[in-house]
Amino acid sequence: MTDDDAASTLKCIIAWSPRRNLCTIIAGQLADMVPQTGIRPLGDDAHIVYTPLNAEQLRDALRDQLTPDEALLVTEFEAWSGYGQSLDAKWLLAHGH
């Protein structure tokens, strides 16, 4: 385990726009900040990331991609529980509970 792994936590990033799909925009920006192995998409509006960056750092880096009518939410998991394979349970279990 590296120092980054020790400090890394799971975050959920949700970006929404009433007029455009932000999935590839947010994914591209995340790819510049987080190793690809630390990113999992959740449909068109959300991503789960495993990174030492905190919620504020992610928010500040991603909000430049948005216009005032678009929304961004970054949450950090203190505790979580999952069910089902479609969310990549093996990946999640490697980074938590």
Side-chain angles (χ1 to χ4, degrees):
M1 180 182 289
T2 67
D3 289 339
D4 282 348
D5 285 339
S8 293
T9 59
L10 287 171
K11 284 91 175 174
C12 180
I13 300 166
I14 303 168
W16 184 83
S17 172
R19 57 188 170 70
R20 64 183 179 145
N21 185 320
L22 297 174
C23 184
T24 54
I25 295 167
I26 297 300
Q29 184 68 29
L30 284 173
D32 291 340
M33 301 171 6
V34 178
Q36 193 61 40
T37 57
I39 304 170
R40 290 294 184 269
L42 297 176
D44 285 343
D45 298 328
H47 291 83
I48 297 286
V49 297
Y50 184 69
T51 178
L53 296 170
N54 66 39
E56 294 82 10
Q57 290 170 310
L58 289 166
R59 178 205 59 207
D60 291 348
L62 296 170
R63 71 179 174 187
D64 291 339
Q65 305 300 315
L66 308 179
T67 61
D69 65 329
E70 297 170 331
L72 175 68
L73 174 68
V74 181
T75 62
E76 184 169 3
F77 294 100
E78 182 176 327
W80 61 270
S81 181
Y83 172 78
Q85 294 303 312
S86 64
L87 192 60
D88 199 348
K90 186 183 239 183
W91 181 84
L92 281 171
L93 289 172
H95 300 306
H97 310 285

**Report entry** Joint hydrophobic cluster, Leu72 plus Leu10, side-chain heavy atoms closer than 4.5 Å
**Finding:** no

**Report entry** Any residue meeting side chain to side chain donor-acceptor pair (under 3.5 Å) with Asp69, in chain and number order, not counting sequence neighbours
**Finding:** Arg19, Thr67

**Report entry** Test log, rule side chain to side chain contact (heavy atoms under 4.5 Å, CB included), inputs Leu62 and Leu30
**Finding:** CA-CA 8 Å; Leu62 296 170; Leu30 284 173; 4.2 Å; yes

Query raised in the report: Got a second to check how far Leu42's CG is from Ile48's CD1, nearest 0.5 Å?
Result: 4.5 Å

Requested in this report: State whether the side chain of Gln29 and the backbone N or O of Ile26 hold a donor-acceptor pair below 3.5 Å, judged by distance alone.
Outcome: no

Query - Residue pairs fulfilling salt bridge (charged side-chain N to carboxylate O under 4.0 Å, His left out) with at least one residue in residues 43-54, sequence neighbours excluded - result: none

Query - Val34: partners by side chain to side chain contact (heavy atoms under 4.5 Å, CB included), with sequence neighbours left out - result: Ile39, Thr51, Leu53

Query raised in the report: By the rule that ILVMFWY residues connect when side-chain heavy atoms come within less than 4.5 angstrom, directly or transitively, which residues belong alongside Leu73?
Result: Ile14

**Report entry** Minimum heavy-atom distance between Lys11 and Pro52, given as atom pair plus value
**Finding:** NZ-C, 4.2 Å

Query raised in the report: Considering only heavy atoms from C-beta outward, does the side chain of Asn54 approach that of Thr9 to under 4.5 Å?
Result: no

Query raised in the report: If you take all heavy atoms of Cys23 and Gly43, which pair is closest and at what distance?
Result: SG-O, 3.9 Å

Requested in this report: Applying salt bridge (charged side-chain N to carboxylate O under 4.0 Å, His left out), name anything that partners Arg59, two or more places apart in sequence or on another chain.
Outcome: none

**Report entry** With sequence neighbours excluded, residues passing side chain to side chain donor-acceptor pair (under 3.5 Å) with Arg20
**Finding:** Glu70

Query - Worked check of side chain to side chain contact (heavy atoms under 4.5 Å, CB included) between Leu58 and Met33 - result: CA-CA 9 Å; Leu58 289 166; Met33 301 171 6; 3.3 Å; yes

Query - Shortest non-hydrogen contact from Glu76 toward Ala55 - result: OE1-N, 4.5 Å

